[in-house]
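Scroll down for the structure; my scribbles are underneath it.
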Amino acid sequence: MNFTMKKMRRGIDLILAGSIFLPGLSGATDIDVSSILQNKKLLNQTVWKQEIEAQKHEEVFIGLWDRLRRADDKVGVFKNFDFNTLKLRSISPTTDLEDGIRIRETKGATIELDPQKWSDWLDEMAAAGFELIQSEWHHSRYHTDAKGKASSIVSIVLHVLNRRSNTRYAVTGKLSVEWRKDPNEKGQYHPETIDASDLTILERRGEPRFKQAFQFDVPGRGGGPIITYDLNRDGLPEIILPGINSILWNLGQRGFGVKPMSVAKTGSTDASVMGDFTGDGHADYLCFGEFATTNGTIPTKGVFILPSREDGRFEDLPRQVTTSPIVPELQGLASMAAGDVDGDGDLDVWVSQYKAPYLNGSMPTPYYDANDGYPSYLLLNDGDGFSFTEATQERGLGKKRYRRTYSNSFYDHDGDNDLDLVVVSDFSGIDLYRNNGQGDFRDVTAALIDDRRLFGMAHTFGDFNQDGLLDLYVTGMSSTTASRLEAMDARRPEFPEHNRMRSSMTFGNRLYFGQCGGGFKQSEISPMVARTGWAWGTASLDYDNDGDLEVYIANGHFSGETAKDYCTTFWTDDIYRGDSNDNRLMAKYFENNVKSMVEGKISWNGFEHNFLYTRMSDGKYRNAAFLMGVAEELDSRQVIAEDINADGKMDLLVSKLNYREDKETTFMTIYYNMGPSMGNWIGARLTEAPNRESLVGARILVVTNDGKRRIDTVTTGDSYQSQHSQIKHFGIGTADGVEYMEVTWPSGYTKRIDHPQINRYHWILAE
């Protein structure tokens, strides 16, 4: 976020993934703000008293976390940590899981260490070659008993490397902490006893599966959308970076050739989508951003299209799209999704916008079902790709169009060969709309999904249970603070709905299994893959070809100078202040609240590492990101899973934010999958053709000779500001053959390949 008080930025990714804009505040006096601050102080002394105590007690662990990140001598940091007794338990023998991953748990006899024995143990570990690389320390529970004795649960993550044996260790678990009754001379509380007997250790020897191959700097926060697409149809997907007006032409083993996307001058790009909008058989680029329509002029903001040529390159100059009636200037664009919703043979567009909280002193209201942002639009293609008709209200999508939306996709969820719509929004969750086949939509959310609530950021489709039905994984926000408040039963009684929704909204990510006839039901696996922190982009993939889908999640909101977290202020104060309207008084008050973040002193869900949830041989999903080399600590946003080098193994593209001296840079990083394949695979390369049906919405079904069914779909608008290519990959594990691979287009036309060869991609032409 890297705020300064002199420069308040607008744009996505600022406070709560949005921005804060505080205009001139002459209408609000210091006296007005002071009265609210007095009310806040009173609430902190009563309703939130225990939470304030929890924050005081956690300071020592926040300090430990901060020092460990900065120190070269991490052993010395641990040695200087003040406590009386540390309890450890002996570690169980290893159990093999998969892909070289083994598991150990703390079982058996308890060992008690005083500070000197702890220091000796640390020296032994260092001498044996163990080195701490990354860590997280989250204060998840706090309690005081009738005698005033305080205790806590601190959830930890330790990423450890032994360079001698080339082994990585991911240690997770809970520390039970009993606190000394009195603070020290600096006012800090320190542990009397730390019980570290509830730990799980995943380990893996050898080089990580993923290796960083390329990294590109994209100036600015978030860098704009990232798109992969095989533009020249050579089987190798290109990488399109509109934020720097560049295409990374995929040269296979020779890397990438970087060429301009357009010769026109460009500015920011807020959202975009690839698809054949003009019907000439080549994918075009549609975006909302800043382009110059003639050479050498200043870019103007609007909706533009860059038609593509036969060789995959785009025409030199963009053309501005027209709409009827004229759509007002878009203000907070977040995502575009394409699909032929009315069955007339051309691609239409759903344009969603995001309105930031805190903007002009407003706050999403209610925070669990906000419909008070900037409007979304359904734009129906008039047939040429250059003009569209706005039809949001008349097509049944008007009622909830003011969601604060981050991702949305057209897809066929009920198998009736028309494109339905899923919308994922912050401060609300998931909305589902069913298409009647003519482009008229009906809201079916209540009937077709259970517990839709979350701070929605992105989604990915995949067949996680191999039943031939599309499943849905949606990222949200899991909050340690909210969980701690729930355990305390700390709540403001005059806001019953705020209290009732807190736990549901902070469940985290959710995995829903597709149901026959449409709809989604939250799976029994969902709690295993829920709590990653502040989650953003996501992608499903089978990186080892064992037949089971993994899911990768980008994490972290804003990492400041310290891991001290703004989250308590949000959950104890911000959600109860302000409403959907601009308010100068609240703008000044919120400025006071976020001042520490504005100055970069504290974080909001900072230093959270990315996750790679992998289904292990015992049926449980566990985070293997560090073991596989992709547990990034920098705040991350976009995620794409793609077989970049066409070797039959899925690679990863991840964007990471870096804040340096008031300069914001996004790193777009390519990680090649260097590990061995654990099974067989098959792929489909779908191709457009002139006057043929669009690829968007096509469903690909693979039925293997062991009877398992796997499905995927060509979609847009899913992972946060990202778009995957038209190439689809399926790991099939131990199956040694495929009975058939079948592609069904939204019109219902089906193309089937019987007994296709495995371990290769198959070209399939659009019909």
Side-chain angles (χ1 to χ4, degrees), residues 9-13 19 214-229 231-232 237-250 256-275 277-278 282-309 311-323 327 329-336 338 349 351-354 379 385-388 637-638 640 653 655 657-658 663-668 716-717 720-723:
R9 295 176 179 78
R10 292 195 65 178
I12 57 172
D13 282 351
S19 62
F214 301 95
Q215 183 164 283
F216 299 88
D217 291 1
V218 184
R221 176 175 297 275
I226 299 175
I227 298 171
T228 52
Y229 214 88
L231 295 172
N232 57 2
E238 276 66 54
I239 301 172
I240 303 168
L241 301 176
I244 55 173
N245 190 30
S246 295
I247 298 176
L248 310 184
W249 290 93
N250 196 335
F256 296 88
V258 183
K259 298 290 184 182
M261 186 176 179
S262 170
V263 298
K265 287 187 177 181
T266 63
S268 63
T269 302
D270 296 319
S272 60
V273 64
M274 289 285 299
F277 292 95
T278 59
H282 310 296
D284 311 301
Y285 172 77
L286 187 74
C287 77
F288 176 76
E290 295 175 325
F291 269 101
T293 54
T294 59
N295 239 337
T297 61
I298 298 174
T300 58
K301 182 166 283 190
V303 180
F304 294 91
I305 187 169
L306 272 172
S308 63
R309 302 185 301 215
D311 60 2
R313 288 172 169 79
F314 296 106
E315 291 185 8
D316 291 338
L317 295 175
R319 306 188 199 181
Q320 191 158 9
V321 167
T322 62
T323 61
V327 171
E329 181 175 334
L330 303 174
Q331 301 177 75
L333 208 66
S335 180
M336 286 181 166
V349 189
V351 180
S352 66
Q353 299 196 78
Y354 184 84
L379 304 180
F386 304 107
S387 57
F388 292 78
R637 294 294 182 266
Q638 292 97 330
I640 291 178
L653 282 73
S655 75
L657 307 184
N658 194 38
K663 179 181 180 182
E664 300 166 353
T665 301
T666 299
F667 300 138
M668 197 285 294
T716 63
Y720 173 80
Q721 290 203 332
S722 307
Q723 181 177 334

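Everything quoted here is computed from the prediction, not taken from an experiment.
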Do [X] and [Y] come close enough that some side-chain heavy atom pair is under 4.5 Å?
X: Pro307; Y: Phe386; result: yes
X: Val263; Y: Leu317; result: yes
X: Arg313; Y: Trp249; result: yes
X: Thr269; Y: Glu290; result: no
X: Phe388; Y: Val349; result: yes
X: Val303; Y: Gln320; result: no

Inter-residue atom distance [X].[atom1] - [Y].[atom2], 0.5 Å rounding:
X: Leu286; Y: Arg319; atom1: CG; atom2: CZ; answer: 13.0 Å
X: Gln331; Y: Lys301; atom1: CD; atom2: NZ; answer: 10.0 Å
X: Gln638; Y: Ser722; atom1: CD; atom2: OG; answer: 5.0 Å
X: Leu241; Y: Ile247; atom1: CG; atom2: CD1; answer: 9.5 Å
X: Asp270; Y: Ser268; atom1: CG; atom2: OG; answer: 4.5 Å
X: Cys287; Y: Ile305; atom1: SG; atom2: CD1; answer: 9.5 Å

Kindly give the heavy-atom pair with the smallest separation between [X] and [Y], and that separation in Å.
X: Leu330; Y: Val351; answer: CD1-CG1, 4.0 Å
X: Phe314; Y: Ala283; answer: CE2-O, 3.9 Å
X: Thr266; Y: Phe291; answer: CG2-CE2, 3.3 Å
X: Ile227; Y: Ser272; answer: CD1-OG, 3.5 Å
X: Leu333; Y: Ser352; answer: CD1-O, 3.3 Å
X: Pro242; Y: Tyr285; answer: CB-OH, 3.1 Å

Side-chain donor or acceptor of [X] paired with backbone N/O of [Y] under 3.5 Å:
X: Glu238; Y: Leu248; value: no
X: Thr716; Y: Val273; value: no
X: Gln723; Y: Met274; value: yes
X: Asn245; Y: Ser262; value: yes
X: Asn250; Y: Pro237; value: yes
X: Asp284; Y: Phe277; value: yes
X: Ser308; Y: Gly312; value: no

Checklist entry - Do Ser246 and Met261 pass the side chain to side chain contact (heavy atoms under 4.5 Å, CB included) test, and can you show the C-alpha distance, the side-chain angles, and the key distance before you say yes or no? => result CA-CA 5 Å; Ser246 295; Met261 186 176 179; 5.9 Å; no
Next on the checklist: Please determine whether side chain to side chain contact (heavy atoms under 4.5 Å, CB included) holds for the pair Ile239 and Phe216, giving the CA-CA distance in whole Å, both sets of side-chain angles, and the decisive distance to 0.1 Å.
Outcome noted: CA-CA 11 Å; Ile239 301 172; Phe216 299 88; 5.8 Å; no
Item to check | From CA spacing to verdict: side chain to side chain contact (heavy atoms under 4.5 Å, CB included), Val321, Leu379 | outcome: CA-CA 11 Å; Val321 167; Leu379 304 180; 6.0 Å; no
Next on the checklist: Aromatic contact between Phe214 and Phe256, with the criterion being ring centroids under 6.0 Å apart: yes or no?
Outcome noted: yes
Checklist entry - Could you go step by step and tell me if Glu315 and Arg309 meet the side chain to side chain contact (heavy atoms under 4.5 Å, CB included) rule? => result CA-CA 7 Å; Glu315 291 185 8; Arg309 302 185 301 215; 4.3 Å; yes
